[in-house]
Structures are given as C-alpha cells and as structure tokens.
Visitor: 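Encoded as structure tokens, here's the structure I'll be asking about.
Values in this document were obtained by computation on a predicted structure and should not be read as measured data. Heavy-atom basis, side chains included; hydrogens, waters and symmetry copies ignored. Quick note on labels: first sequence line is chain A, next is B, and so on, each numbered from 1.
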4 protein chains.
Amino acid sequence: MTDDRGARRRRANGEESRRKILDATVEVAGERGYEGTSIALVSKKCGLPASSIYWHFKDKDELIAAVIERSFDSWLSALTLPGEEHGQPVERVTEMSRQVAKSLLETPEFLRLGLMLTLERRPEEPSARTMFLQVRHIAAQRITAVIGDFLPDLDDDSVRLLATYAMAGADGLFIAKEIGGDSVDLLRLFELHAHVLFAAAAHLSAGAPPPPGLLSP
Amino acid sequence: MTDDRGARRRRANGEESRRKILDATVEVAGERGYEGTSIALVSKKCGLPASSIYWHFKDKDELIAAVIERSFDSWLSALTLPGEEHGQPVERVTEMSRQVAKSLLETPEFLRLGLMLTLERRPEEPSARTMFLQVRHIAAQRITAVIGDFLPDLDDDSVRLLATYAMAGADGLFIAKEIGGDSVDLLRLFELHAHVLFAAAAHLSAGAPPPPGLLSP
Amino acid sequence: MTDDRGARRRRANGEESRRKILDATVEVAGERGYEGTSIALVSKKCGLPASSIYWHFKDKDELIAAVIERSFDSWLSALTLPGEEHGQPVERVTEMSRQVAKSLLETPEFLRLGLMLTLERRPEEPSARTMFLQVRHIAAQRITAVIGDFLPDLDDDSVRLLATYAMAGADGLFIAKEIGGDSVDLLRLFELHAHVLFAAAAHLSAGAPPPPGLLSP
Amino acid sequence: MTDDRGARRRRANGEESRRKILDATVEVAGERGYEGTSIALVSKKCGLPASSIYWHFKDKDELIAAVIERSFDSWLSALTLPGEEHGQPVERVTEMSRQVAKSLLETPEFLRLGLMLTLERRPEEPSARTMFLQVRHIAAQRITAVIGDFLPDLDDDSVRLLATYAMAGADGLFIAKEIGGDSVDLLRLFELHAHVLFAAAAHLSAGAPPPPGLLSP
DNA sequence: AATGAATGAGGATTCATTCAT
DNA sequence: AATGAATGAATCCTCATTCAT
C-alpha cells in the first residue's frame, strides 16, 4: 500500500498536478497580485517544474484566470445562503451579510486578487481581469435579484443603485479588514451594512428628501 | 546675469525633472501597480534616462512612496471641505461626500494606486505601502473627528465603527466606479452614502448600546 | 472482415500518421530552416501530439533527414527527363533545363530546405544536412554523366567544372526566383542557362586562352 | 600606459562594445543562421553580458540586421572594382568577376547569412531579411548599370535578365564553394561565369529578339 | 500505434541598480 | 544635475526529449 503510493507519486497524474498548481497560484497571486506572481515562485510552491505548469496552462494569464474561476466557484459554494421560504426580510438580509462576511474571512484570496486585478488599468486587459469581472457580474445579478425580490416596489434604477451600493459596501469592508486586521470586526460591520441597506432602500423609495429620523426608532 | 540665469535654469531643471518623473510615475503606477511599474517604463514616459531617476530617488520604492505622498497632498488640496461654522449636519455631511466624490473623479490615481498597494501582501512591506497607510490614517482621523463632532453622544467605539464604515463605503464606491465607468453615478451614490451614514449612526446610538469592548480585540 | 478492416485501418493509420508528420515538417522546415523547425510546431500542424512524432522518428534530426529524402524522391519523380535516344544535344539539354525549372516551381521546398541546411555551418553536422548532400551528390553525378555523354571530347576536369557550373546556375536561379517572385521568369532563365552551357563547353574545350570574341556574333 | 589600458578596459566604451558585439554576431550568425544565433552565444563570444547587448540593440532582429548592413558595407569596400576608363569589355568583366570571387572567399559570412535569411519564408519577415534584400537590390542595380553600359544595344528586358543571371551565377557558385570546399576552384568558375555572360549577351541580342513584355507578368 | 504528462536546459528579453564621467 | 554604459538576476516561455501507460 505504501509502496503503491511511492509508485503513484512517480506516475503522471494530470488532475492532481493541475490542482496543486492552482493551489500554489492562489496563495501567491492572492498575496502579490498579477505582476508579483512569478511562474518560478508558483513552481517552487507546488513542486512541479515551470515547464509543467505550461503543460497545464497556456500562459500566466490563463493560469491566473483559472485561479479566479476556481476561487469564485469555491467561494460561492462556501456561501450557504438561507432559503427563501422563511424569515423576515431584515433577518434574511442580515443572515446573508453574515454569510458573506464569513466567507470573506475564510477565503479572502479570491476577492483580494480580484480587486487587485480590477484596479489595474493596463492596456492589454489580461483575461484574468476579464474573468473576475465576469464572475463579479454574476454576483451582482444575484444581489439585484434578491433586492428586487425583497423590495418589489422599488423602481429598477433604484434597485440597481442599491445593488451597487451593497456590493461596494462589501468590497470596502473587505478592504478595511485587510488593512485593519484584528482591530476590525468584519461581522459587526457587515451587520451594520445589512441594516443600513434598508435605510438606503427607504431613502430611495421615499423619493428625494427622506424624512430625517424616519429610520431611527 | 546670463550666468545667473544659466544657474537658475539648471537648478530649476532639477526640480522640473523631478516633477516630470513623478508625473510619469503616477501614470504608470496608477495603471499597473507596484510590480508593474518599471523604471524603464517611467524613463520612457518622462524622457529622462533611468539613471537620472536614480539621481532624484534612492530606489523604486522611494519613488513610488514619493508619488503617493504627492498624490495625497494634491488630493487633499482638491478637497475644499466646507467650514464647520454653518449648515446642518445632514447638509454638511452631504456636502463633504460630494466633495470626496468629485475629488475621486478628478484624481483617481491616488486612491487606485493606494488600494493596489493595500491589497498586496508581500513579505517585505514596501515603504510605498506604508506611506499610503499613513496618509490613510490621517484621513481616518479627520473623519473620526468630524463624526465625533456631529454626534457627540456616540461612544468612541461606535464612532470608530462609523468612521470605518464611512471610509469603506468610499473605497467600495470608488471601485464600483472604476469597474462600472460611466454607468455608475458616483455623485448620487455618495449622496446615498451620506444619508446612510446617518441611518447607521441612529442604529448605533439608539439600538441596544453595543457592549463596550466588542470591537477591540 | 470487420476485424480485418479494423486491423488494416490501424496499420494504415500508422503510415498515414507518418505521412501527416512529414507533410507538416516540409511545410515548417521549408519556411524556417533546421533550427526554426520545432517539434511543437510540427505537432500543432499535423494534429498529432509531440510524443507521437517521437514514435515515428528517433529525433528531430532524423525527422528532417526523412523529409529531405522524401522530398528528393518526389522531386526526382516529378522530373520526367527525356530519353537519351532522341533529339539533338541542344534540344535535349534545353528540355532538361525546362524540366528542372518546372519541378523547382512545383516543389520548391526540397531545394529551399536543402540549401538552408547547406549554408548552415554548425559544429555537429546534422544528418539532415548530410542527407541533402548525399542526394545532391547523386544529382551531380547524373549531370556529370549527361555532360560527359554530350561532350565526349571534354577532359574530366572540364566536365566536372561544367557540371558544377550547371548546378550552381540552377541553385542561383532558384534563389533568384525565391527573391524575385513573379517578376522572375524562371523558365526563360533556365533556357538561357541551357544555351549558355554550350558556350561554356566551347570555352573549356577550346582550351586555355579562349580566343576572345569567339562567342560574340 | 599599461595601467591606463587596464582602466580603459573598465571604462564604458560604447563604440568599441558595439563593434565587439557585431563582430561576435557575424561569426555566429554566419555559421548558424538566424534561429541558430542565440544571444547567449554572442554574449559569450564578445565577453559582454547579454543585457549589454540589449543596450546597444533593441532585439535580436535588429542586431542581425545591423550585422547584415555592416557586412555589406565592408564587403562592398573590399570590392575594388576596376575603373571604367581602361580595358576591353571582356577583360573588364573578367576582372570584376575575379574581384567578386575574391571578396566572397575572404568574407563569406555576408553572403552566407544573407542567403540563409533569403531562403527563410517565415510569416513575420525579420527586418534582418529585409535589410539583406535591400542591400542586394543595391548590388543588382549596380550590375544592371554595368551591363547596360557595356552592351548599350541590349533592350532593357534583356539587360535585366542578364543581370539576374549574373547574380544568380554568383550566388550559385558561392554555394558550390561552400559545399565543395577546396575541391572547388571558385576563381576559375567565376572566370567561366564572366565568359558565359558574354555568350548569354550574344544569345540575347542576336537570337530572335525576345517578344517585348515576355518577362513582365 | 499512440499519447498525456513531465522535465531540465536554454530561449529572448527586462529588471532594478550602479558607476564613471 | 545628469547620463551612457554596463551588469547579474530574474522574467516568461519554448526547447527537444522521455516515460509510463
């Protein structure tokens, strides 16, 4: 049995190698961004020679795009959103926020790398960046759907605005956590964010000048 | 006279060269981040040879730190905050938000580069990153002061939480604008953000007073 | 029956694969020479994985040698030389020239690749080069034979010189065509070459100091 | 004095370095062609690190183009063509041929590399190839001029044909020498070539006047 | 008869930086 | 105050080839 393992080690195993490469790449790219990710470093981290990486991925760009894709998938699946059947809006949105906060605490590489790619404005858009914007678009659509569901009276424009604001808050809070470290209570901030979204919704549906103090108890 | 002029010229050129280098660097670094900024590219953009850049700046790290510093200064000076004497809280905060939104639209390189540096988690913290965190800390203190001023009843913890939330919103909205481009109405979003901050304040001050120490580790 | 067909199919595929590889290699090597021909490129062109190429050919050197060999064969067979029985020398040589010109127009890869290999002076003579020199030697012998046949009075040295000159002309004209493209009338040039060979023969048989002006009308 | 030399060695000397690089490159490229010429090999031959080569030349392509240009110049200047004032046509052309033969024996790298580039048909024409074709075009014009001078009665088409034939002969004989080595008497072959050109001229001017337009497509 | 996977060596080129002038 | 030239380390990527299946 143990002998077998030794043999297996020597045997080519594409699937596993691919996984090892991706694992190493998330780690490196999540720390250092697109340019900072060198094939040599990934190679060292995953134990495979650089040329083997090129067997599995056309080039660095495709490698990082693959990382984004996989990270998003695993991040999404880590997000066990509450069913739609129970609970009141406030509680459900709060629960969602909590889920997102937790997932960002557990797998921060996905968003960190994605935001780094987003902020880069290089001439030749790397496909990794495009990939992130795509998966982000998917997330945005989900949020829009949820908001439209919860607040059926809101016009489309306001729904979109609210969705943008919701995502922006998540991005910003994530960054705050990255900077502040342990001194930042991400869960509480996300709770606040959830609460506040209702205020925003009220503000938007009430139309211009929302009566101040409406939201305070 | 002519000698004097020649001398002045030469000295002036020194400063002009420095400026040209910094100008080129904001452009490049704002597009490509820390690693993506190469001395050769900066050299090509500013027309001066690479070795001249090293006459003005010790190394790449110091160059980018200088860029951050200068960008922050010019960003701050573009921020003509309203005096504290007039207006109601709501209006004043709204006006502040508008100012910030406008400044981010005008000089986005500062925050873009800063956030890129922030997200990078490289082993040897470049002083450019540290520089950004410092200037960001200054900004955070100002916001905290303003909030404490407006809402004197709020406990310190809540003020800090609110300040964090305020900055996070700004960061997130900036990113949303970077991604969405013209389809994102940054001014309106910042207005919403201002409103929302009051709701958050209300939530924090009225809601079950947060157990002290919850936020600090 | 069906089994048989399956078996035959499989065996036939072996040969077909070999052919596909050779086809791809002529194309690539005719364009880029020995060094410029990469197994990866050939693999992409023929659709078979690189390792399959190594099943059919020991290494790159042998692959290109095989290409040379096959190209020479097909070039030779495209060369329907006139029988020795009929016609006068002038006409027969002219016809030969025409044939050679036509064959070079139809399958230029053979000579192009061959000349590329010839001009390369690398330390370790690749067997591909040797192969070309061998087949070239065969061609040279044929020409020598033909010349000796036509001009029995010529001494061996002069025959060899003439043969060399004949081949050199063919090579040079081929190159001229490669450079000049459509603006070069290869057929007419080869006709001229044939004519001129007789003048050369006359010059050589007349012995040293050829009477100047003998050839002018 | 000797000390000075030691110091000079350490001192940067662009002109000399450039020359050393070019010298090394002719040697390598003349032997191995475009693809076979590696920057590492050139670096080793000239003693300068690879990165220094990139200070003097944008890339490999430009380096080899520069080699072609310089080689052609030095080849041309090695060609001490006889003055036009004295001698009979036959002798003058014979002398010219001898000069060309000698120059090709002395500096064969120029034509060898040039022909190698010529034969390559890669998609992205390297500028080195273009450069060779340009200098070759200059040479062709000179030959055309000389022929037109010597044989004023010849129509333009025939002059061009003859010039093409003359150059083709030179190319072919050069290749014959490359293949045959010492067994090939290049000087005698070039003498033969000179003679033959007169025969060709006679053939063209006396023979049925070529139908005009025959050569143009 | 074929191929997916692996691999070390080497390819061209760019990097940040230095140094003599 | 500036710069032409140099340099070693690193960059991404391709090379020819092998091997287990």
Visitor: Quick one: the dot-bracket string of DNA chain F, using Watson-Crick and G-U wobble pairs with both distances under 3.5 Å, [ ] for crossing pairs and | for bases paired to another strand.
Guide: .||||||||||||||||||||
Visitor: Show me the donor-acceptor pairs, under 3.5 Å and distance only, between side chains in residues 29-36 of chain D and residues at least two apart or in other chains.
Guide:
from, atom 1, to, atom 2, distance (Å)
D/Tyr34, OH, D/Asp61, OD1, 3.0
D/Glu35, OE2, D/Arg122, NH1, 3.0
D/Glu35, OE2, D/Arg122, NH2, 2.6

Visitor: Distance-only, no hydrogens or angles: does the C/Ser43 side chain make a donor-acceptor pair with backbone N or O of C/Ile39 under 3.5 Å?
Guide: no
Visitor: Just the rounded figure in Å: distance from P of F/dA1 to CD of B/Glu15.
Guide: 9 Å
Visitor: Tell me, with the steps shown, if D/Trp55 and D/Leu48 meet side chain to side chain contact (heavy atoms under 4.5 Å, CB included).
Guide: CA-CA 11 Å; D/Trp55 168 260; D/Leu48 291 158; over 6 Å; no
Visitor: For A/Glu124, is the CD atom crowded, meaning more than 12 foreign heavy atoms sit under 6.0 Å from it?
Guide: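 Result for CD/A/Glu124: enclosed.
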Visitor: Give the rounded distance in Å between these two atoms: CD of C/Glu62 and P of F/dA16.
Guide: 15 Å
Visitor: Distance check needed: F/dA16 C1' versus C/Phe57 CZ, whole Å only.
Guide: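 Answer to the nearest Å: 16 Å.
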Visitor: Would you kindly give the NZ-to-P distance between A/Lys60 and F/dT14, to the nearest whole Å?
Guide: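 Going from NZ in A/Lys60 over to P in F/dT14 covers 14 Å.
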Visitor: Measure CG/A/Asn13 against P/E/dA6 and give the value in whole Å, please.
Guide: 7 Å
Visitor: Can you name the residues that form a side-chain contact (heavy atoms from CB on, under 4.5 Å) with B/Thr130, not counting sequence neighbours?
Guide: B/Glu125, B/Gln134
Visitor: Tell me, please, which residues at least two apart from A/Lys58 pass salt bridge (Lys or Arg N to Asp or Glu O under 4.0 Å).
Guide: none
Visitor: Test of understanding: with side-chain contact (heavy atoms from CB on, under 4.5 Å), list the residues that count as partners of B/Arg19, not counting sequence neighbours.
Guide: B/Glu16, B/Asp23, B/Arg70
Visitor: What's the closest nucleotide to the side chain of C/Ser17 if the choices are E/dA6, E/dA2, E/dT13?
Guide: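 The listed nucleotide nearest to C/Ser17's side chain is E/dA2.
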Visitor: Atom OH of B/Tyr54 and atom P of F/dT7: how far apart are they, to the nearest Å?
Guide: 18 Å
Visitor: In terms of the nearest nucleotide of DNA chain E, which residue is placed more toward the 5' end: A/Arg18 or C/His56?
Guide: C/His56
Visitor: Between C/Ile21 and C/Phe57, which heavy-atom pair has the shortest distance, and what is it?
Guide: CG2-CE1, 3.7 Å
Visitor: Counting only heavy atoms and a strict 4.0 angstrom limit, can you tell me which residues of residues 32-53 of chain C come near DNA chain E?
Guide: C/Leu48, C/Pro49, C/Ser51, C/Ser52
Visitor: Are D/Lys45 and D/Glu27 within salt-bridge range, i.e. N to O under 4.0 Å?
Guide: yes
Visitor: Provide, to the nearest angstrom, the distance between the CG atom belonging to B/Asp61 and the C1' atom belonging to E/dC15.
Guide: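 That distance rounds to 15 Å.
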Visitor: Nearest-Å distance, CZ (B/Arg19) to P (F/dA1)?
Guide: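 Spelled out: CZ on B/Arg19 to P on F/dA1 is 16 Å.
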Visitor: Ignoring the backbone of A/Trp55, work out which of F/dA1, E/dA2, E/dG4 is nearest its side chain.
Guide: E/dG4
